[in-house]
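Since we're looking at a predicted model, the values are computed, not measured. Hydrogens, waters and symmetry mates are skipped; everything else that's a heavy atom, side chains included, is used. Note that ligands are numbered from 1 as they come in the structure, with each ligand's atoms numbered from 1 the same way.
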Amino acid sequence: MKILITGGAGFIGSHVVRLFVNKYPNYTIHNLDALTYAGNLANLSDIEAKPNYKFVKGNIVDNDFISNLFETEKYNAVIHLAAESHVDRSITNPIEFVMTNVIGTVNLLNAAKSLYKKDNTDFQKFYHVSTDEVYGALGDEGMFTETTSYDPHSPYSASKASSDHFVRAYHDTYGLPTLISNCSNNYGPNHFPEKLIPLCINNIKHNRPLPIYGKGENVRDWLYVVDHARAIDVIFHTAKYGSTYNIGGHNEWKNIDVIRLLCKIMDEKLNRPAGTNEKLITFVTDRAGHDMRYAIDAAKLQNDLGWVPSVTFEEGLASTLDWYLQNDEWLTNVTSGNYTKYYDGQYASR
Ligand code: NAD
Ligand code: TYD
């Protein structure tokens, strides 16, 4: 099987590429990525020389490029992760999110459709990786299930909701064999330090303030990125076409509690007196349209396909912190001017 994974140089994509390249030596894996500020080939240095792996630089918004690529490579499957992924950026620059997340996804769907059921091709599946943010926000009670109505509030979640609708429309209208998963917040190695957890790890390292939006009461359901990649593997190989799966770790935390826990563990790891890092916590103006609570009901995935998370939050957080402390060069690089050499044209703004 020749699989195109998009966004493989990003946070989650790099873990998915690594898993597939190592676990399935008989598959050929192409990683298509535009290398925006969030894409970093250093994330894949351990597998870049493997014979079943190839990097393809390109932008999913470029329809001619995408259709030529599919025509030439005749992929058997797509796992689509490329996206603009940061809510705060979507608030300042929504159009970029429409371009990549909506137009880019439709370009890929069109290219896949043109291969599907064409002579001499064997296009088998289009797997779209999405987010629980499409469901909107919860109050104190309840969880998102696969049948929860879409109710996105940020330009990011609206663009992802739109892309999910297009994927379903291509299944229902053209019979394209599609799969969708909606996952909760991920954390782990290679997470770009603009998102809450890696931002705070980096700021603690440098004794900088930890900006907590509002009162820090918002709740997120955190999943270790390697477990998300494992779920994608299971869904890709065993889910029924046209189906949707929620992925989550039943691991809800208020932001302020996550950051207090981080501060405590990092006091110990950095040999600072207990309570030192907590003093860095700074409450700042809330994010516009800030969703109060996300929580995933992953029972369908567990019952149908047998997936459960492999690590607890404490274990995942400890290995994440160790990774960031041991990979100072990665962190310095992505937060420094040197990193701009990886940037690409219009996407170079930070
Ligand atoms: P990321 O921002 O770390 O990586 C995105 C990758 O896509 C980068 O490598 C970037 O270079 C690439 N990319 C962006 N625009 C592109 C374009 N126009 N053409 C080609 N490549 C492009 O994102 P992530 O956190 O790894 O998220 C990956 C996917 O998972 C996204 O679709 C996101 O919506 C979804 N998701 C993320 C989370 C999370 O917590 N991070 C949770 C659920 C779902
Ligand atoms: P984030 O990592 O941006 O993920 P998402 O918005 O997709 O859930 O944010 C996680 C939570 O942390 C969210 O409730 C917003 C909050 N947050 C802060 O309080 N301060 C920050 O500097 C950031 C980036 C996020």
Could you tell me whether some N/O pair between [X] and ligand 1 is separated by less than 3.5 angstrom?
| X | value |
| --- | --- |
| Asp33 | yes |
| Cys183 | no |
| Ser85 | yes |

_Sub-3.5 Å N/O-N/O distance, Glu194 and ligand 2_ = no
>> If you measure every N or O of Tyr213 against every N or O of ligand 2, does any of those distances drop under 3.5 Å?
In response: yes
Contact between [X] and ligand 1, counting heavy atoms under 4.0 Å?
| X | value |
| --- | --- |
| Gly8 | no |
| Ser184 | yes |
| Ala9 | yes |
| Tyr37 | no |

Applying ring pair (Phe, Tyr, Trp, His ring centres under 6.0 Å), can you list everything that pairs with His250, at least two apart in sequence or on another chain?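 If we apply the ring pair (Phe, Tyr, Trp, His ring centres under 6.0 Å) test to His250, skipping adjacent residues, there are no hits.
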### Message
Using a 4.0 Å heavy-atom cut-off, which part of Leu35 comes near ligand 1: side chain, backbone, both, or neither?
### Response
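Only the backbone of Leu35 comes within reach of ligand 1.
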For this session: Check each heavy atom of Lys160 against ligand 1 and say whether those closer than 4.0 Å belong to the side chain, the backbone, both or neither.
Result: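 Looking at Lys160 and ligand 1, just side chain atoms fall under 4.0 Å.
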Paired with Ile235, the side-chain contact (heavy atoms from CB on, under 4.5 Å) test is passed by just one of Leu301, Ile180, Thr244, namely Leu301
Per-atom contacts, ligand 1 versus [X] - under 4.0 Å to a heavy atom:
| X | answer |
| --- | --- |
| Val129 | 30 (O), 32 (O) |
| Ser130 | 43 (C), 44 (C) |
| Gly58 | 19 (N), 20 (C) |

Before you tell me yes or no, could you show the steps for Val129 and Ile79 under side chain to side chain contact (heavy atoms under 4.5 Å, CB included), namely the whole-Å CA-CA distance, both residues' side-chain angles and the distance that decides it to 0.1 Å? CA-CA 7 Å; Val129 175; Ile79 305 178; 4.2 Å; yes
Can you list every pair that meets ring pair (Phe, Tyr, Trp, His ring centres under 6.0 Å) and has a residue in residues 76-123, with sequence neighbours left out?
->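 As it turns out, the ring pair (Phe, Tyr, Trp, His ring centres under 6.0 Å) pairs with a partner in residues 76-123, which skip direct neighbours, are His80-His128.
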Per-atom filter on ligand 2: closer than 4.0 angstrom to a heavy atom of Asn185 are 4 (O), 5 (P), 7 (O), 8 (O)
Within the 4.0 Å heavy-atom cut-off, what Leu196 brings close to ligand 2 is both
At under 4.0 Å between heavy atoms, what of Leu199 touches ligand 2? The answer is side chain
Pairing donors with acceptors under 3.5 angstrom, does anything connect the side chains of Asp88 and Tyr213?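 Yes - a donor-acceptor pair under 3.5 Å links their side chains.
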Heavy atom to [atom], shortest distance: which of [options] holds it?
| atom | options | value |
| --- | --- | --- |
| atom 16 (C) of ligand 2 | Asp88, Asn218, Asn255 | Asn255 |
| atom 14 (C) of ligand 1 | Ala83, Ala82, Gly7 | Ala83 |
| atom 15 (C) of ligand 2 | Arg293, Arg89, His290 | His290 |

